[in-house]
Participant: 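Have a look at the structure that comes next, please.
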Amino acid sequence: MIRQAIIPLAGLGTRLLPLTSVYAKELLPINGKIGLEYIIEECTQAGIKEIVFIISKKKEIIKKYFYNDAFYKNIIKKKNDLRIAQEYKKIKKYKKMIKFVYQNNPKGTGDAVLKTKKIIKDEFFLMLLPDDLIIKKNCSKAMISIHNKKKCSVMASMKVNKKTVNRWGIFSKKKNISKNNFYIDDVVEKPTTKSAPSNNAVIGRYILPKKIFTKLKKQKKGKGGEIHITDSIRQLINEGEKFIAHNFDGKYLDCGTMTGYIKSSIEVSKK
Ligand code: G1P
């Protein structure tokens, strides 16, 4: 059973400047709702009971968003507004599920995951990268269902344009399980077009085994001087750990770039 999810939120969001100069990118609205709420909803609807937010001192605004009780109580007392009361109720519900850990020096996704080591209880846990919004179909739910059948790690995937492979973790297939699910043979972080084993990319949803922490502890810096989760996954695969790639059915929206972020509001409003 997958009960815990982790969300790395310590990134600076430079690709979305100036929107992120005083604000967290994950709190930016997408069609009237903060981006992070779509991710939280994906978790709760997939049966997740506890969510670990990996933030930094610079991103404490995210914690404040969920801990602004005095402000809400005061407003609700003054104004008898049902909508505000309902929104506050929802925030309180989420707050109960959320734990915070700190990654004050953003050294990469692998380093962010390592910060949750003491909190993760079960053999497997879910990670969602908040820049990757997947709408119309709950990707995490589909991945958890595959995990329950195969009892191994699962990552979301999709085919990307060959010219853009250097933006993604790219994997090669070992064996087909079904039309949309494959065992992975190898995975490389941001390869060049020439060296890429395929154009199958990893998208930001991962069901990872607890044993990844032992790899992350020793993980050296990789592409761009960052500690990548992909490099530890690669080691585990080499040692025989099974990883499945799941080609998801939903629509992918890249909220981490300005054009992607603008497009995401338009796409979500079409729903
Ligand atoms: C991260 C991962 C990469 C993956 C991508 C999906 O990259 O390192 O393997 O393909 O997320 O969005 P980032 O977006 O942090 O550069």
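As the structure is a prediction and not an experimental result, all values here were calculated from the model.
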Participant: Around atom NZ of Lys173, are there more than 12 heavy atoms of other residues, nucleotides or ligands at under 6.0 Å?
Facilitator: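 Yes.
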Participant: Applying side-chain contact (heavy atoms from CB on, under 4.5 Å) to Lys217 and Leu114, what does each step give before you reach the verdict?
Facilitator: CA-CA 7 Å; Lys217 262 199 264 175; Leu114 191 54; 3.9 Å; yes
Participant: Arg234 versus Asp186: any side-chain heavy-atom pair under 4.5 Å?
Facilitator: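 Arg234 reaches Asp186 side chain to side chain.
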Participant: Checking side chain to side chain donor-acceptor pair (under 3.5 Å) between Glu50 and each of Lys99, Lys96, Arg3, which is the one that passes?
Facilitator: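 The option that passes is Lys99.
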Participant: If we ignore hydrogens and angles and just use 3.5 Å, is the side chain of His246 paired with the main-chain N or O of Val154 as donor and acceptor?
Facilitator: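 Flag not set: sc His246 to bb Val154 has no pair under 3.5 Å.
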Participant: So do the side chains of Asn180 and Asp249 get within less than 4.5 Å of each other, counting heavy atoms only?
Facilitator: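 Yes, at least one pair of side-chain atoms sits under 4.5 Å.
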Participant: Could you tell me which non-hydrogen atom of Arg205 sits nearest to which non-hydrogen atom of Ser140, and how far apart they are?
Facilitator: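 Looking at all heavy atoms of both residues, the shortest contact is CD-OG, 3.7 Å.
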Participant: Return yes if some donor-acceptor pair links the side-chain N/O of Asp81 with the main-chain N/O of Ile84 below 3.5 Å, else return no.
Facilitator: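 Yes; judged by distance alone, with no hydrogens or angles, the pair exists.
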Participant: Of the options Glu241, Glu239, Glu123, which is the one that meets Lys211 in a salt bridge (Lys or Arg N to Asp or Glu O under 4.0 Å)?
Facilitator: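 Single salt bridge (Lys or Arg N to Asp or Glu O under 4.0 Å) partner of Lys211 among Glu241, Glu239, Glu123: Glu241.
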Participant: Any non-hydrogen side-chain atom of Val160 less than 4.5 Å from a side-chain atom of Met158?
Facilitator: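 Val160 vs Met158: side chains touch.
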Participant: When you measure from the side chain of Gln103 to the backbone of Ile54, do you find a donor-acceptor pair of N or O atoms at a distance under 3.5 Å?
Facilitator: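 Here the side-chain-to-backbone pair does not exist.
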Participant: Are Phe53 and Phe66, when compared by the centres of their aromatic rings, separated by less than 6.0 Å?
Facilitator: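 Distance test on ring centres: under 6.0 Å, yes.
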Participant: Over all heavy atoms of both residues, which pair between Ala85 and Ile76 is shortest? Give the atoms and the distance, please.
Facilitator: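 Closest pair (atom of Ala85, atom of Ile76, distance): CA-CD1, 3.9 Å.
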Participant: Please round to the nearest 0.5 Å and tell me the distance separating atom OG of Ser153 and atom OH of Tyr183.
Facilitator: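 Going from the OG atom of Ser153 to the OH atom of Tyr183 covers 11.0 Å.
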Participant: Run Leu208 and Ile229 through side-chain contact (heavy atoms from CB on, under 4.5 Å) and show every step you take.
Facilitator: CA-CA 10 Å; Leu208 296 168; Ile229 192 71; 4.0 Å; yes
Participant: Is there a side-chain contact (heavy atoms from CB on, under 4.5 Å) between Ser232 and Leu216? Walk through the geometry before answering.
Facilitator: CA-CA 6 Å; Ser232 290; Leu216 285 170; 3.3 Å; yes
Participant: Just by modelled atom types, is the Lys190 backbone N or O under 3.5 Å from a matching donor or acceptor in the Lys223 side chain?
Facilitator: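 Flag set: sc Lys223 to bb Lys190 pair under 3.5 Å.
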Participant: Verify the ring-centre separation between Phe125 and Phe213: is it less than 6.0 angstrom?
Facilitator: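 Yes.
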Participant: On a heavy-atom basis, which atom in Ser178 and which in Asn181 lie closest, and how many Å separate them?
Facilitator: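 Scanning both residues completely, I find the closest heavy atoms to be OG-ND2, 3.0 Å.
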Participant: Does atom CG of Asn74 have more than 12 heavy-atom neighbours from other groups under 6.0 Å away?
Facilitator: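 Counting other residues, nucleotides and ligands, CG of Asn74 exceeds 12 neighbours.
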Participant: Just checking, Lys57 and Tyr102: is the charged tip under 6.0 Å from the six-membered ring centre and within 45° of the axis?
Facilitator: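 Lys57 over Tyr102 ring: no.
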Participant: Starting at NZ of Lys163, measure out to CG of Asn199 and round the result to the nearest 0.5 Å.
Facilitator: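 Going from NZ on Lys163 over to CG on Asn199, the span is 12.5 Å.
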Participant: Taking the cut-offs as 6.0 angstrom to the six-membered ring centre and 45 degrees off its axis, would you call Lys95 and Tyr67 a cation-pi pair?
Facilitator: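 Yes.
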Participant: Does Thr116 reach the main-chain N or O of Ile119 with its side chain, forming a donor-acceptor pair under 3.5 Å?
Facilitator: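 Such a contact is absent between Thr116 side chain and Ile119 backbone.
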Participant: Using a 6.0 Å distance limit plus a 45 degree cone around the ring axis, check whether Lys137 lies over the aromatic ring of Phe248.
Facilitator: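 No, a cation-pi geometry is absent between Lys137 and Phe248.
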Participant: Can you tell me how far the CD1 atom of Ile262 sits from the SG atom of Cys255, to the nearest 0.5 Å?
Facilitator: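 Between Ile262 CD1 and Cys255 SG, I get 11.5 Å after rounding to 0.5 Å.
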Participant: For side-chain contact (heavy atoms from CB on, under 4.5 Å), just list the numbers for Tyr23 and Leu16, CA-CA rounded to whole Å, side-chain angles, deciding distance to a tenth of an Å, and then say yes or no.
Facilitator: CA-CA 10 Å; Tyr23 208 54; Leu16 286 175; over 6 Å; no
Participant: How far does CD1 of Ile237 sit from OG of Ser172, to the nearest 0.5 angstrom?
Facilitator: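 Between atom CD1 of Ile237 and atom OG of Ser172 there are 8.0 Å.
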Participant: Could you state the interatomic distance from NZ (Lys215) to CD1 (Ile233), rounded to the nearest 0.5 Å?
Facilitator: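 So the gap between those two atoms works out to 13.0 Å.
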Participant: Looking at Lys118, I'd like to know if its NZ atom is crowded, meaning that more than 12 non-hydrogen atoms belonging to other residues, nucleotides or ligands lie closer than 6.0 Å.
Facilitator: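 12 or below, so no.
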Participant: Linking I/L/V/M/F/W/Y whenever their side-chain heavy atoms sit closer than 4.5 Å, directly or via other members, would Ile34 and Phe71 fall into one cluster?
Facilitator: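 They do share one cluster, since a chain of ILVMFWY contacts under 4.5 Å joins Ile34 to Phe71.
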Participant: Please check: side-chain N/O of Asn166 versus main-chain N/O of Thr192, any donor-acceptor pairing under 3.5 Å?
Facilitator: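 No.
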Participant: Where do Leu129 and Ile39 come nearest, in terms of heavy atoms and distance?
Facilitator: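 Looking at all heavy atoms of both residues, the closest pair is O-CD1, 4.4 Å.
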Participant: Does any part of the side chain of Met143, heavy atoms only, come nearer than 4.5 Å to the side chain of His147, both counted from C-beta?
Facilitator: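 The answer is no, as the side chains (C-beta and beyond) never meet within the 4.5 Å cut-off.
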Participant: Does atom NZ of Lys90 have more than 12 heavy-atom neighbours from other groups under 6.0 Å away?
Facilitator: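 More than 12 within 6.0 Å, yes.
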Participant: Would Lys25 and Asp131 pass as an ion pair if we require N to O under 4.0 Å?
Facilitator: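 Here Lys25 pairs with Asp131 in a salt bridge, since their nearest N and O are under 4.0 Å apart.
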Participant: Judged by atom type as modelled, is there a donor-acceptor pair below 3.5 Å linking the side chain of Asp122 to the main-chain atoms of Phe124?
Facilitator: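 It does not hold such a pair.
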Participant: Which distance, rounded to the nearest 0.5 Å, do you find between the CD1 of Ile227 and the NZ of Lys107?
Facilitator: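 Here the interatomic distance stands at 5.5 Å.
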Participant: Mind checking whether Leu128 and Tyr261 sit in one hydrophobic cluster, side chains of I, L, V, M, F, W, Y counted as touching below 4.5 Å?
Facilitator: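 Yes, it is one cluster - the side chains of Leu128 and Tyr261 are joined through contacts under 4.5 Å.
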Participant: Which heavy atom in Gln45 sits nearest to a heavy atom in Lys141, and how many Å separate them?
Facilitator: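 The answer is O-CD, 3.7 Å.
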Participant: Ile135 and Leu28: same hydrophobic cluster, using ILVMFWY side-chain contacts below 4.5 Å?
Facilitator: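 Yes; Leu28 is reachable from Ile135 via cluster members.
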Participant: So, does Gln4 use its side chain to make a donor-acceptor pair with the main chain of Lys121 at under 3.5 Å?
Facilitator: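 Yes: the side chain of Gln4 pairs with the backbone of Lys121.
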Participant: Ignoring hydrogens and angles, tell me if any N or O in the side chain of Lys59 forms a donor-acceptor pair with the backbone of Leu9 under 3.5 Å.
Facilitator: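 Checked: pair present.
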Participant: Does the side chain of Ile48 come within less than 4.5 Å of Glu42's, by heavy atoms?
Facilitator: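 The answer is no; the side chains never approach within 4.5 Å.
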Participant: Does the side chain of Asn200 reach to within under 4.5 Å of the side chain of Ile184, using non-hydrogen atoms?
Facilitator: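 Heavy-atom side-chain distance check fails, nothing below 4.5 Å.
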Participant: Near Lys117 NZ, under 6.0 Å, is it more than 12 heavy atoms from other residues, nucleotides or ligands?
Facilitator: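 No, NZ of Lys117 has 12 or fewer neighbouring heavy atoms, counting only those of other groups under 6.0 Å.
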Participant: Is it true that Ile98 and Ile55 fall in one hydrophobic cluster, defined by side-chain heavy atoms closer than 4.5 Å?
Facilitator: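 Cluster IDs for Ile98 and Ile55 match.
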Participant: Applying the 4.5 Å side-chain criterion to the ILVMFWY set and letting contacts propagate, would Met258 and Leu27 be lumped into a single cluster?
Facilitator: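 Yes; tracing contacts between hydrophobic side chains, which count when under 4.5 Å, links both residues.
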Participant: Which atoms form the tightest heavy-atom contact between Lys150 and Ile177, and what is the distance?
Facilitator: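 Closest heavy-atom pair between Lys150 and Ile177: CE-CG2, 3.8 Å.
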Participant: Could you tell me whether the side chain of Ile120 reaches within less than 4.5 Å of the side chain of Ile6, counting heavy atoms only?
Facilitator: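 They are in contact (side-chain heavy atoms under 4.5 Å apart), so the answer is yes.
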Participant: I'd like to check Tyr72 versus Ile91 (side-chain heavy atoms, cut-off strictly below 4.5 Å). Are they in contact?
Facilitator: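 Yes, side chains in contact.
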Participant: Determine whether a donor-acceptor pair (N or O, by modelled atom type, separation under 3.5 Å) exists between the side chain of Thr20 and the backbone of Gly13.
Facilitator: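 Yes; at least one donor-acceptor contact below 3.5 Å.
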